[in-house]
Amino acid sequence: MASPTTATETIELTLPDGSVRAVARGTTPLEVARSIGRGLARAAVGAAVDGELVDLRQPLDRSGALRLITSRDPEAGIFIRHSAEHVMADAVKRLWPEVEIDVGRQDHSEKFQYDFRFPRAFTPEDLERIEAKMKEILAEDAPFERIEISRQEAAKLFAEMGERLKVERLADIPEGETITLFRHGRFTDLCRGPHVQRASQIGAVKLLEASSVYWKGDESNERLQRIYGTAFASAKDLRAYEEQLAQARARDHRRLGPELDLFSFQPEAPATPFFHPKGALIYNGLMSFVRQLQTGYGYQEVITPQILDLELWHTSGHYENYRDNMFFTEVDDRRFAVKPMNCPTHCQIFGTRLRSYRDLPIRYADFGRLHRYERSGVVTGLTRVRSFCQDDAHVFCREEQIGDEVRAMTEMILRIYDTFDFHDVEIEVSTRPEKRLGSDEVWDHAERALMEALERQGIAYQINEGDGAFYGPKIDFQVADAIGRSWQLGTIQLDYQLPQRFALTYVGEDGAEHRPVMIHRAMLGSIERFIGILIEHTAGRFPLWLAPVQAVVLPISEKFLDYGEDVHRRLVDAGLRAELDARNEKLGYRIREAQVQQVPYMVVVGAREAEAGMINVRRRSGGELGSMTPEAFIDHATELIRQRRNEL
RNA sequence: GCCGACGUAGCUCAGUGGUAGAGCAGCUGAUUCGUAAUCAGCAGGUCAGCGGUUCAAGUCCGCUCGUCGGCUCCA
């Protein structure tokens, strides 16, 4: 940050066209914009220096690549929404002057939020009033001012304003950091920015919902009231966002699942799905796929107990670290726990005999049912349930085999995602959490091993500090679905703890005992959750190989029922999941129904077909494949299924 | 778990203290039909559950269960 004494020095700013401008240290991006052109200066909402977003009024203190951001740039939303936070807080203060403001924030989506000390929950009517007030404020078009201020002055100012929460927030700002305020009209907030120049650059706002939150996210703190909203440069952008929300609602697996008769939930089993026949077909289809793939990678499937003595969970450390998420039961005066993870049982299998270094890696896969107690407020649909199964596996290997194993796992995982047309995959390495087992040296080593394995494959990753499991660091795979939402699926977790706790050893080349390393791995994550994601990704249009009903045979009328039955029989005999819909309804009606149920193929048979021994095939993607022999269709479909191809 | 909202037929919803309704789905019949909804009739409800207020409760109050949106957590 610039100070007056250094203002005479010069810094060099590289503009996007490659030109370089030498300006005095302390020059603001807005001043640079003005020197380029009045139009640009007026249109700019913010700036970026070396990719970092900065406020237009922030004095620049170092050389770098300067880019001015207008409402057309993707980053504009950051400035707009951050400014909309202030406008919302302003509106709330105008309506209820006694309310204290906390802080605003925006998440990775298009939402922003602001927390208030307010005596009750905000109602939808409150939100309407606040939104209307915000629009008044936008119409006033006050400029946003950036003000640098001393810590003492800021503390005094907010104390006088009665903003006690702000005074406390101020105390959290590290010493030595410049304290800045932003003001528009009469509203002043403690804020490091960045903001737009004028309120009117916030083209459209909409408040979304309100909820209560704990101050600083800590359950022992008092409750504040949070309001969520969104803001865009234009009403058109807001409409596009609302359209996207409507899309997401239309794909919601909690609606589509029961509608397609895949699964249901019953009050007697909260957060535990019942898979109906069609859902079970998909469930088993996914398992077979994973089974086939991982067998090729040297995995062996095991089956292990559901309920195990508490002692095992003390040994594994789950009792100490994971107890709050476990189910317990007691019988014969003996205490048991329902397994929340498979890993301890795999350690036990490993430990049943003497292992040689020649046996490693040993790769145990397990589709065992897991139960985890999740707090009632956090469960939702299939994505967060209390009973589920993972495409779980544990690899026991030698230290020097970690790289190869992680590489093979990554390859397998990316192949799986590719099959489902998840092409946008982000990889994160999560490092040691606060609550953990093991020494810092072991963690250093484990974290480095994972990163090196990725680096050797040339795979880019991000680091997620402190987000590892209690027993080791992990690699997480995040994929973006068809409408751009991100989901966590696969995970690779390194574990030096369990082999030690279960005293697992193998005999090395040197004849001495060594400790194996354990790698936990899931690819789809949990089958339940994956089905939920897949429903939303495909909007219920499952790939042919997974579609519960792959083809429905539709005789035009009763007269062709015999031929329809014959065709149906042939499809079923060829291994296709085919149904016969011979209901007394018009063809259009039954076609529509098959479309709504997302059946990939509709096989129409009438006089022309019956006579010629042909069928007429329609695809759910629209359009007829035309007349063909049943054999030709069977060949075509079975080939697509064999290759697990998506397109129809 | 906490805060808030919600719970009426299989689904979507109407019903603001005075006799529980509609559309779709279902069933029956007619129609025998060529690529996204044929017509008619019938049936369908402990208004989530339990308790309370009231002459009278789907409607007002309390509790319980469940769902949804958040907090937090996560496969």
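For the numbers below, each heavy atom of this structure counts, side chains included, while hydrogens, waters and symmetry mates do not. All chains are named by letter (A, B, ...) in the order of the sequence lines, taking the proteins before the strands, and each is independently numbered beginning at 1.
With P as the reference atom, B:U38 and B:C13 are 24 Å apart, rounded to whole Å. If you take atom C1' in B:G70 and the same atom in B:G15, they sit 31 Å apart, rounded to whole Å. Using P as the reference atom, B:G7 and B:U12 are 12 Å apart when rounded to the nearest Å. Using P as the reference atom, B:U54 and B:U59 are 16 Å apart when rounded to the nearest Å. Across the C1' atoms, B:A36 and B:G10 are found 22 Å apart, a figure rounded to whole Å. For the P atoms, the distance linking B:A48 with B:C11 amounts to 13 Å, nearest Å. Nucleotides B:U35 and B:A5 have their C1' atoms positioned 44 Å apart, rounded to a whole Å. To the nearest whole angstrom, the two P atoms, one in B:C65 and one in B:C42, are 43 Å apart.
Side-chain atoms of A:Thr272 and A:His371, non-hydrogen and from C-beta on, never get closer than 4.5 Å to each other. Using a 4.5 Å heavy-atom cutoff, the side chains of A:Phe367 and A:Leu286 are not in contact. Contact check for A:Ile475 versus A:Tyr461: no side-chain heavy atoms found under the 4.5 Å cut-off. Taking the side chain as every heavy atom from C-beta outward, A:Ile282 and A:Phe263 never approach each other to under 4.5 Å. A heavy-atom distance below 4.5 Å is found between the side chains of A:Leu524 and A:Val290.
Per the geometry, NE2 belonging to A:His253 stands 12 Å off P belonging to B:U67, to the nearest Å. Going from atom CD of A:Glu593 over to atom P of B:C24 covers 14 Å, rounded to whole Å. Distance CD1 (A:Ile615) to C1' (B:G34): 15 Å, rounded to an integer number of Å. Distance, A:Glu609 CD to B:U35 P: 12 Å, rounded to whole Å. Taking atom CD on A:Glu125 and atom C1' on B:A5, their separation rounds to 11 Å, with Å as the unit. Between the C1' atom of B:U38 and the OH atom of A:Tyr589 lies a distance of 11 Å, rounded to the nearest Å. What separates CG of A:Leu256 from P of B:C11 is a distance of 15 Å, to the nearest Å. For the pair A:Asp126 CG and B:G4 C1', the computed distance is 12 Å after rounding to whole Å.
Base pairing annotation: B:C60 forms a Watson-Crick or G-U wobble pair with B:G52, both donor-acceptor distances under 3.5 Å. Using the Watson-Crick or G-U wobble rule with both distances under 3.5 Å, B:C68 pairs with B:G4. The nucleotide B:A36 finds no pairing partner, because no Watson-Crick or G-U wobble arrangement with both distances shorter than 3.5 Å includes it. Within the shown strands, B:C11 is the pairing partner of B:G23 under the Watson-Crick or G-U definition, both distances less than 3.5 Å. In this entry B:C73 has no Watson-Crick or G-U wobble partner, no candidate having both defining distances under 3.5 Å.
In summary, of the residues considered (A:Glu301, A:His394, A:Glu405), a side chain to side chain donor-acceptor pair (under 3.5 Å) with A:Arg363 occurs for A:Glu405 alone.
Salt-bridge check for A:Lys206 with A:Glu110: failed, with every basic side-chain N at 4.0 Å or more from each acidic carboxylate O. Using a 4.0 Å cut-off between charged nitrogen and carboxylate oxygen, A:Arg386 and A:Glu528 do not count as a salt-bridge pair.
Heavy atoms of A:Ala121 sit under 4.0 angstrom from primed sugar atoms or phosphate atoms, though from no base atom. Counting non-hydrogen atoms under 4.0 angstrom, A:Pro258 reaches nothing in the nucleic acid. In this structure, A:Ala607 reaches the bases: a heavy-atom distance under 4.0 Å links it to at least one base atom across the strands shown. Within the 4.0 angstrom heavy-atom criterion, no nucleotide atom of any strand lies near A:Gln597. Within the nucleic acid shown, A:Arg255 has no heavy atom closer than 4.0 Å to any nucleic acid atom. Looking at heavy-atom distances under 4.0 Å, A:Tyr373 makes contact with sugar-phosphate atoms alone, never a base. Residue-level contact check: A:Lys586 touches the bases, meaning some heavy atom is under 4.0 Å from a base atom.
With values rounded to the nearest 0.5 angstrom, A:Arg226 atom CZ is found 8.5 Å from A:Asp102 atom CG.
Comparing B:U32, B:G34, B:U35 against the side chain of A:Arg618 picks out B:U35 as the nearest.
An OP1 or OP2 oxygen of B:U32 is reached within less than 4.0 angstrom by no side-chain nitrogen or oxygen of A:Arg590.
A search for side chain to side chain donor-acceptor pair (under 3.5 Å) contacts involving A:Glu268 returns nothing, not counting sequence neighbours.
Toward the 5' end of RNA chain B, the nearer of the two residues A:Ile591 and A:Ser557, judged by each one's closest nucleotide, is A:Ser557.
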**Report entry** Heavy-atom protein contacts under 4.0 Å, nucleotides 69-75 of chain B, coded B base, S sugar-phosphate only, - none
**Finding:** BBBBBBB
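Not a single donor-acceptor contact under 3.5 angstrom links the side-chain atoms of A:Glu268 to the base of B:G66.
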